[in-house]
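In what follows, a single structure is set out as structure tokens and then discussed.
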Amino acid sequence: MTNFRAIRGMVDILPEATPLWQSMETVALEVLSSYGYEEIRLPVIESTGLFARSIGEVTDIVEKEMYSFNDRNDESMTLRPEGTAGCVRAVVQHNLATTPRRLWYTGPMFRYERPQKGRQRQFHQLGVEAFGVATPDQDAELIALSRQLWRRLGVDDVLTLEINSIGSASDRAQYRAALVEYLSAHRDALDADSQRRLETNPLRILDSKDPATQALLDAAPALSDHLDAESRDEFEQLLAYLDGLGIPYRVNPRLVRGLDYYNKCVFEWTTEALGAQGTVCGGGRYDGLVEIFGGKATPAAGFAVGLERLILLMQALEITVSSPADLYVIAADEAAYRHTLPRVDDLRRQFPDLHIVQHLGGGSFKSQFKRADKSGAAWALVYGETEIANNQVTLKALRGDAAQRTIGDAELAAFLADFLAETEGA
RNA sequence: GUGGCUGUAGCUCACCAGGUAGAGCACCGGAUUGUGGCUCCGGAGGUAGCGGGUUCGAGACCCGUCAGCCACCCCA
């Protein structure tokens, strides 16, 4: 016998957690729909080159975190590490961005990293992408939508919006040169990782966690001083829109983000409640990406939500959801069981919203009632010899203290209708 | 990829100078003939992550490996 375990970093979402997931997904769908966003479903595998070109050749994701393999035709494939690249690919392939287009998708993403709290090798994201609008009203809408989602999920209070403008590619190129010049003069004062990043990805030094490096950055040139007028103006406008929406934010001049395709406005929603991986949502504008993929130049912006982190956050806030049974059907013996069959079947058709659990496997009344209790059902429907003989059913309250009663089959529907009305009112 | 901590019944953990394992919860059954939750009684369940070494003897010591957790890196 062999004992299999889930592959490292791949996590089973167990039945005790799925009700919370489902309620989160339901709320997300409602919010997205209410803003007019349409769902798109995308493959989990894409050509490796797609990610290398969009995310950036020298990013950690592409350099060391991708699940890549050659298929039988010897072409390099990759399990998607994020969703934007595939979404943009689909938009270009099907020419979806002829008019402004609002899209969302959800599903698993894969990154080969060492697992820790809030980080898995297979995790789930909700991605929201908007194509065709260059003005910051689009960025404002995306941020407003995300905030609406936090409110509806009850996590609004523990999330803060950090926001920045990283300007155009040429702004950043200029700034990068200035930053490298400044930091190179103080090379020895930098932490080891930042020294390495001086060559590979200098902008990422900005959000180093090393205190000495951060101190050094206080006197460093500021990215905001290198932005062109357009980026600056649009950022100001966006902040004004956020004020109008009543969304508090923290302008974080050192927020850069790791993927190459971002420009202008970038933002993150972060929390203190999750340990080191506090980013629940991150996004920004990526005006150049559609063109890179061979589409006609199309402005675009979007964000991604880490769903495991969102769930973790809800759990930390003790937000719980469960869906216990409503009815548990008990039958005395084989004959009684057969008697219940068509009746329970009818109930399910008449009351599709009721959770009706039929006892299986026989056993004494005692053991059946034990199961009924554990199911969380509000009522047990009992079919014994007497009930069957008289076309009746006994109702026993398992949660409240209502007295047990026996009613005719014909009265059951009315009883259940009342029960449903009550539980919906509660 | 780096570092720290951990790995004993389904879960949470204990035992032990190294002499082949226990508790609580959960589970199953019972406590007068068709009735759960409380209580009582009983039962089932572990080749102590895996491999190797030291030893007369290892779950306990050593090495390796795998996995989990947390942090770094990076990101959702």
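Letters A, B, ... are given to chains in the order of the sequence lines, protein chains preceding strands, and every chain is numbered from 1.
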>> Can you measure A:Phe267 atom CZ to B:A76 atom C1' for me and round it to whole angstrom units?
In response: 12 Å
>> Quick check: on RNA chain B, is the nucleotide nearest A:Ser364 upstream (toward 5') of the one nearest A:Phe123, or the reverse? Name the residue that is more 5'.
In response: A:Ser364
> Do any N or O atoms from the side chain of A:Ser33 and from the backbone of A:Leu29 form a donor-acceptor pair under 3.5 angstrom?
Replying inline: yes
>> For A:Leu190, is there any backbone N or O sitting under 3.5 Å from a side-chain donor or acceptor partner on A:Gln195?
In response: yes
> If the P atom of B:G36 is compared with that of B:C28, how far apart are they to the nearest Å?
Replying inline: 14 Å
>> Measuring only the P atom in each nucleotide, how far is B:A60 from B:A21? A whole number of Å is fine.
In response: 14 Å
> Would you find a donor on one side and an acceptor on the other, under 3.5 Å apart, between the side chain of A:Ser23 and the backbone of A:Leu20?
Replying inline: yes
> Between B:U65 and B:C73, how far is it from one C1' atom to the other, in whole Å?
Replying inline: 24 Å
> Can you name the one residue among A:Arg8, A:Lys64, A:Arg119, A:Arg121 that meets salt bridge (Lys or Arg N to Asp or Glu O under 4.0 Å) with A:Glu113?
Replying inline: A:Arg119
> Which nucleotide, B:U35, B:C72, B:A76, lies nearest any side-chain atom of A:Lys209?
Replying inline: B:C72
>> Quick test of your reading: applying ring pair (Phe, Tyr, Trp, His ring centres under 6.0 Å), list the pairs with at least one residue in residues 301-348 of chain A, sequence neighbours left out, ordered by first then second residue.
In response: A:Tyr328-A:His359, A:His339-A:Tyr383
>> Whether the side chain of A:Ser367 engages the backbone of A:Gly363 through a donor-acceptor N/O pair (distance < 3.5 Å, no angle test) should be reported.
In response: no
> Is it true that a side-chain atom of A:Glu82 and a backbone atom of A:Ala85 form a donor plus acceptor pair closer than 3.5 Å?
Replying inline: yes
> Side chains of A:Asn201 and A:Arg176: donor-acceptor distance under 3.5 Å anywhere?
Replying inline: no
> Atom OH of A:Tyr112 and atom P of B:U2: how far apart are they, to the nearest Å?
Replying inline: 11 Å
> Of A:Thr394 and A:Asn201, whose closest RNA chain B nucleotide lies nearer the 5' terminus?
Replying inline: A:Thr394
>> Between B:A14 and B:A76, how many Å separate the two C1' atoms, rounded to a whole number?
In response: 40 Å
>> In whole Å, measure the gap between the C1' atoms of B:G18 and B:G53 for me.
In response: 15 Å
>> Quick check against the 3.5 Å criterion: does A:Glu411 have a side-chain atom that pairs as donor or acceptor with the backbone of A:Gly408?
In response: yes
Check nucleotides 65-67 of chain B for protein N or O atoms closer than 3.5 Å to its own N or O atoms and list the pairs.
residue	atom	partner	partner atom	Å
B:A67	O2'	A:Arg5	NH2	3.4

>> With side chain to side chain donor-acceptor pair (under 3.5 Å) as the criterion, how do A:Thr340 and A:Gln358 come out once you've worked through the C-alpha distance, each side chain's angles and the decisive distance to 0.1 Å?
In response: CA-CA 9 Å; A:Thr340 66; A:Gln358 168 115 234; 3.2 Å; yes
>> Can you measure A:Asp191 atom CG to B:C73 atom C1' for me and round it to whole angstrom units?
In response: 11 Å
> When all nucleic acid strands are considered with a 4.0 Å heavy-atom cut-off, which category describes A:Gln120: base, sugar-phosphate, or nothing?
Replying inline: base
> Heavy atoms under 4.0 Å, any strand shown: does A:Gly275 hit a base, just sugar-phosphate, or nothing?
Replying inline: sugar-phosphate
> When you measure from every atom of RNA chain B, which of residues 300-319 of chain A have a heavy atom less than 4.0 Å away?
Replying inline: A:Ala304, A:Gly306, A:Arg309
>> With rounding to the closest Å, how many angstrom separate the C1' atoms on B:U12 and B:C56?
In response: 37 Å
> Could you write out RNA chain B as a dot-bracket string, with dots for unpaired bases, | for bases paired across to another strand, and Watson-Crick or G-U pairs counted at under 3.5 Å?
Replying inline: (((((((..((((........)))).(((((.......))))).....(((((.......))))))))))))....
> Which whole-number value in Å describes the distance from A:Gln116 CD to B:C74 P?
Replying inline: 12 Å
>> If we ignore hydrogens and angles and just use 3.5 Å, is the side chain of A:Thr270 paired with the main-chain N or O of A:Gly278 as donor and acceptor?
In response: no
>> Using the P atom as the point on both nucleotides, what is the distance between B:C50 and B:U55, in whole Å?
In response: 23 Å
> Looking at A:Gln138, A:Glu38, A:Glu141, which one forms a side-chain hydrogen bond (donor to acceptor under 3.5 Å, both in side chains) with A:Arg102?
Replying inline: A:Glu141
>> Work out how far the C1' atom of B:G59 is from that of B:G7, and round it to whole angstrom.
In response: 11 Å
> A:His186 vs A:Tyr182 aromatic rings, parallel, tilted or perpendicular, using cut-offs 30° and 60°?
Replying inline: tilted
>> Is it the case that the side chain of A:Thr213 and the backbone of A:Asp191 share a donor-acceptor pair, with hydrogens and angles ignored and the cut-off at 3.5 Å?
In response: yes
> Checking only heavy atoms, does the side chain of A:Gln277 share a donor-acceptor pair with the base of B:A71 at less than 3.5 Å?
Replying inline: no
> Between A:Glu129 and A:Thr84, does a side chain to side chain donor-acceptor pair (under 3.5 Å) hold up when you go through it step by step?
Replying inline: CA-CA 8 Å; A:Glu129 318 282 0; A:Thr84 302; 2.9 Å; yes
> What parts of residues 27-42 of chain A reach RNA chain B, counting only heavy atoms under 4.0 Å away?
Replying inline: none
> For A:Glu113 and B:A71, what is the distance between atoms CD and P respectively, to the nearest whole Å?
Replying inline: 13 Å
>> For the backbone of A:Gln122 and the side chain of A:Gln120, can you confirm whether one donor and one acceptor N or O come within less than 3.5 Å of each other?
In response: yes
>> Under 4.0 Å between a side-chain nitrogen and a carboxylate oxygen: does that hold for A:Glu39 and A:Arg41?
In response: yes
> Across the strands shown, which category fits A:Glu268 at heavy-atom distances under 4.0 angstrom: base, sugar-phosphate, nothing?
Replying inline: nothing
> Under the 3.5 Å rule, do the base of B:U35 and the side chain of A:Gln404 count as making a donor-acceptor pair?
Replying inline: yes
>> Expressed as a whole number of angstroms, how long is the span from A:Glu16:CD to B:G10:C1'?
In response: 12 Å
> What's the CZ-P distance between A:Arg196 and B:U2, to the nearest Å?
Replying inline: 14 Å
> Does A:Arg114 make a side-chain donor-acceptor contact with the base of B:C74, cut-off 3.5 Å?
Replying inline: no
> Is there a donor on the side chain of A:Arg204 or the base of B:C74 sitting less than 3.5 Å from an acceptor on the other?
Replying inline: no
Could you go over nucleotides 36-46 of chain B and give all protein N or O partners under 3.5 Å, atom names and distances?
residue	atom	partner	partner atom	Å
B:G36	OP1	A:Lys366	NZ	3.4
B:G36	N7	A:Lys396	NZ	3.1
B:G36	N1	A:Leu398	O	3.1
B:G36	N2	A:Asp373	OD1	2.7
B:G36	N2	A:Leu398	O	2.3
B:G36	N3	A:Asp373	OD1	3.3
B:G37	O4'	A:Asp373	OD2	3.4

>> A quick test of your reading: do over 12 heavy atoms of other residues, nucleotides or ligands sit less than 6.0 Å from CD of A:Glu181?
In response: no
> Please give, in whole Å, the distance from B:A76 C1' to A:Leu274 CG?
Replying inline: 11 Å
>> I'd like to know if the side chain of A:Arg172 reaches the main chain of A:Ile166, judged simply by a donor and an acceptor atom lying under 3.5 Å from each other, with no hydrogens or angles considered.
In response: yes
